[in-house]
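Computed from a prediction, not measured in an experiment: that's the story for all the values here.
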Amino acid sequence: MSQTPDSAVRTYIERHRAAFLDDLAEWLRIPSVSAQPDHAPDVRRSADWLAAKLEETGFPTVEVWQTPGAPAVFAEWPSGDPQAPTVLVYGHHDVQPAAREDGWDSDPFEPVVRGNRLYARGAADDKGQVFFHTLGVRAHLAATGRTAPAVNLKLLIEGEEESSSPNFRALVEEHTQRLAADAVIVSDTGMWSEDTPTVCTGMRGLAECEIRLYGPDQDIHSGSFGGAVPNPAAAAARLVAALHDEHARVTVPGFYDGVVELTARERELFAELPFDEESWLRTAKSHAAHGEAGHSTLERIWARPTAEVNGIGGGYQGPGSKTIVPSSAFVKLSFRLVAGQDPDQVEKAVRVWAEERVPAGIRHEITFSPATRPCLTPLDHPALRSVVRAMGRAFEGTVRFTREGGSGPAADLQEVLDAPVLFLGISVPSDGWHAPNEKVELDLLLKGVETTAYLWGDLAETWRHAP
């Protein structure tokens, strides 16, 4: 297999490092907070900035796509080779809210380098990881002498990921033909640690609901009426208590239908990671591990579906006592889903489960938010092998495998475009996504650049011979 010369790639990256970081800092100064309406002009400015930079990088087609919310950026650079695969890179240019008074050591939108770390909101999530693709493709071209990438390269960088991507699926469906790809690369993820490079192979889906329970038309005296009428707060507590059995398995009938079980090889790969449960518990601010019997902690958070009680309330909440039967109560639940589960079927199952457990005299309402589907990359997929090889060259070591316990819009791309999703990220847990003093490790950021410089050639060559 022919390879892009490693020394040529690294030399090019080092020569352009300073200008690359200056450009990234300029982008990070734009407070593109999609969740705050006052920053809507900044989100638009962020999209325009990125579009201009992608044109400067060399993409012949760059467009800002409007949505009912924040704009996305699309770019395309054809290979010119009719046999070349088409790859779509996904990321987002919006960021979480941030203010100095939240606990930042410096202005979150004034990037600062301390040691070998760049601190700013969006440094890792996700502007830094989007931006490394610009220098990566230029290094790929410079080292190979090509005038266009070895793959047909497309980018879709959305502007509402930090606001739950309310318009993303509709955007993908509207532009399905323009976005058509053989594989999708998601650069909105991370690695196990600085010295353990990893590739994520799956992300859980998410279904959320709120159950409202209504009893008496108003709060009533517990002495005059208690014990003789149904209590919605007690009904809420019984619902929560019935959600799991003694083995921490979800009791909703049909909940586990279709779940893709871990293979023995996948369990072995998880076990290879240097996982320290005591350290993990300290990070979790928790005092004991707990979960579905028969599974390790990593299996529980990466590869098993879960049901969590996110909130429960009802009745008097103030100091002292107020002897009432409350008129209403609520429960907020979230279900993390794994490959093989259908969010629509889970919603139906939960509705039936709740209906059967709410006592007579209690009226209930269940509201589900839009769901996110799970996604999983087969370990033997040729595109995944290319990602692993490219990252192994950049990090000069063994690349291991993880999954993500959280959820994101990657599954929409997988489902609408009918293309496998692969994850390429270099962020580490200490980067502090969504937290004060978010940062990115500069050495790792440049390893991301280097990985993409190798990836396009490897992918183009091996895809033709993929089984």
- Do the side chain of Thr11 and the main chain of Ala8 share a donor and acceptor less than 3.5 angstrom apart? no
Practice problem: Measure the shortest side-chain to side-chain distance between Ile211 and Val358 over non-hydrogen atoms and say whether it is less than 4.5 angstrom. | Solution: no
Here the pair of heavy atoms bringing Pro78 nearest to Pro149 is O-CD, 4.3 Å
Before accepting this row, confirm whether a basic side-chain N of the pair Arg351/Glu347 lies closer than 4.0 Å to the acidic partner's carboxylate O. yes
Checklist entry - Hey, is Arg304 close enough to Glu261 for a salt bridge, meaning N to O under 4.0 Å? => result yes
- Quick one: does Val421's side chain get under 4.5 Å of Met203's, heavy atoms only? no
Looking at Gly91, is its backbone amide N or carbonyl O close enough to the side chain of Glu161 to form a donor-acceptor pair, meaning the two atoms are under 3.5 Å apart? no
Test side chain to side chain contact (heavy atoms under 4.5 Å, CB included), reference Glu404, set Asp188, Thr189, Ile301, output is Thr189
(request) Examine distances only and state if a side-chain atom of His175 and a backbone atom of Leu171 form a donor-acceptor pair shorter than 3.5 Å. (result) no
So does Asp418 have more than 12 non-hydrogen atoms from other groups sitting under 6.0 Å from CG? no
*Does the pair Arg385/Asp380 count as a salt bridge with the N-to-O cut at 4.0 Å?*
no
Quiz prompt | Note, Glu194 side chain near Asp443 side chain (heavy atom, < 4.5 Å) | solution = no
Going by atom types alone, do Thr57 and Arg138 pair a side-chain donor with an acceptor below 3.5 Å? no
Practice item. Could you go through the side chain to side chain contact (heavy atoms under 4.5 Å, CB included) check for Val240 and Val331 one step at a time? Key: CA-CA 8 Å; Val240 168; Val331 178; 3.9 Å; yes
- Task: Check whether more than 12 heavy atoms from other residues, nucleotides or ligands sit under 6.0 Å from atom CD of Glu365, and answer yes or no.
- Result: yes
query: For the side chain of His381 and the backbone of Ala383, is there at least one donor-acceptor N/O pair under 3.5 Å apart?
result: yes
To the nearest 0.5 Å, atom OG of Ser163 lies from atom CZ of Phe168 at 14.0 Å
Checklist entry - Mind checking whether Trp192 and Phe275 have parallel, tilted or perpendicular rings, split at 30° and 60°? => result perpendicular
Q. Looking at the rings of Phe132 and Phe20, which for Trp means the six-membered one, are their centres under 6.0 Å apart?
A. no
Worksheet item: Just by distance, with hydrogens left out, do Thr297 and Trp280 show a side-chain donor and acceptor under 3.5 Å apart?
Response: no
* Asked: Where the side chain of Arg204 meets the backbone of Val338, is there a donor-acceptor pair that is under 3.5 Å apart?
  -> no
Notebook entry, point to check: So, does Trp302 use its side chain to make a donor-acceptor pair with the main chain of Arg403 at under 3.5 Å?
Noted result: yes
With heavy-atom distances below 4.5 Å as the criterion, would you say the side chains of Asp182 and Val87 are in contact?
no
| task | For side chain to side chain contact (heavy atoms under 4.5 Å, CB included), just list the numbers for Leu156 and Val172, CA-CA rounded to whole Å, side-chain angles, deciding distance to a tenth of an Å, and then say yes or no. | result | CA-CA 9 Å; Leu156 178 62; Val172 175; 4.3 Å; yes
Using side-chain heavy atoms (C-beta onward) and a distance below 4.5 Å, is Leu273 in contact with Thr198? yes
Just say parallel, tilted or perpendicular for the rings of Trp65 and Phe74, cut-offs at 30° and 60°. parallel
For Arg282 and Glu278, run side chain to side chain contact (heavy atoms under 4.5 Å, CB included): C-alpha distance rounded to whole Å, both residues' side-chain angles, the deciding distance at 0.1 Å, then the answer.
CA-CA 6 Å; Arg282 286 194 294 271; Glu278 290 187 5; 4.2 Å; yes
For residues Glu266 and Thr201, determine if any side-chain heavy atom of one lies less than 4.5 Å from a side-chain heavy atom of the other.
-> no
So CG of Leu28 and CZ of Arg121: to nearest 0.5 Å the spacing works out to 11.0 Å
Discussion item. Any carboxylate oxygen within less than 4.0 angstrom of a Lys/Arg side-chain nitrogen, looking at Glu173 and Arg169?
Written reply: yes
**Asked** Going by atom types only, do Ser407 and Thr372 share a side-chain donor-acceptor pair under 3.5 Å?
**Response** no
Notebook entry, point to check: Are Asp94 and His92 linked by a side-chain donor-acceptor pair shorter than 3.5 Å?
Noted result: yes
| request: Considering only NZ, NE, NH1 and NH2 on the basic side and carboxylate oxygens on the acidic side, decide whether Glu441 and Lys447 come within less than 4.0 Å. | output: no
Output for pair (Leu243 CG, Leu239 CG), nearest 0.5 Å, gives 8.5 Å
Using a 3.5 Å distance criterion without hydrogens, assess whether the side chain of Asp81 forms a donor-acceptor pair with backbone atoms of Ala150. no
Report task. Begin from the C-alpha positions of Leu206 and Arg336 and carry the test side chain to side chain contact (heavy atoms under 4.5 Å, CB included) through to its verdict. Result -> CA-CA 5 Å; Leu206 175 64; Arg336 297 287 176 171; 3.8 Å; yes
Of all heavy-atom pairs linking Ala394 and Thr451, the shortest is CB-OG1, 3.3 Å
Residues passing the salt bridge (charged side-chain N to carboxylate O under 4.0 Å, His left out) test with Arg17, sequence neighbours excluded, are none
Here the pair of heavy atoms bringing Arg267 nearest to His295 is NH2-ND1, 3.1 Å
So, Glu162 side chain and Ala35 main chain: donor-acceptor pair closer than 3.5 Å or not?
no
Distance col, row Lys127:NZ vs Ile30:CD1, nearest 0.5 angstrom, shows 5.5 Å
For Asp105 and Asn437, the nearest pair of non-hydrogen atoms, with its separation, is N-OD1, 2.8 Å
Can you check whether Arg300 reaches His290 side chain to side chain, under 4.5 Å on heavy atoms?
no
Between His244 (side chain) and Ala307 (backbone), is there a donor-acceptor pair under 3.5 Å? yes
In short, Leu179 meets Leu417 closest at the heavy-atom pair O-CD1, 3.6 Å
Side chains of Leu153 and Val89: does their closest heavy-atom pair fall under 4.5 Å? yes
Gly122 backbone acceptor or donor facing Glu438 side chain under 3.5 Å = yes
Check whether NZ of the Lys or CZ of the Arg Arg114 lies under 6.0 Å from the centre of the six-membered ring of Tyr119 and within 45 degrees of that ring's axis. yes
Rounded to the nearest 0.5 Å, the NE2 atom of His434 sits from the CG atom of Asp102 at a distance of 13.5 Å
Heavy atoms of Arg178 and Lys154 approach each other most closely as O-NZ, 2.7 Å
Regarding Gln345 and Asp257, do their side chains bring together a donor and an acceptor under 3.5 Å, going by distance alone? no
Rounded to the nearest 0.5 Å, the OG atom of Ser187 sits from the CG atom of Leu424 at a distance of 4.5 Å
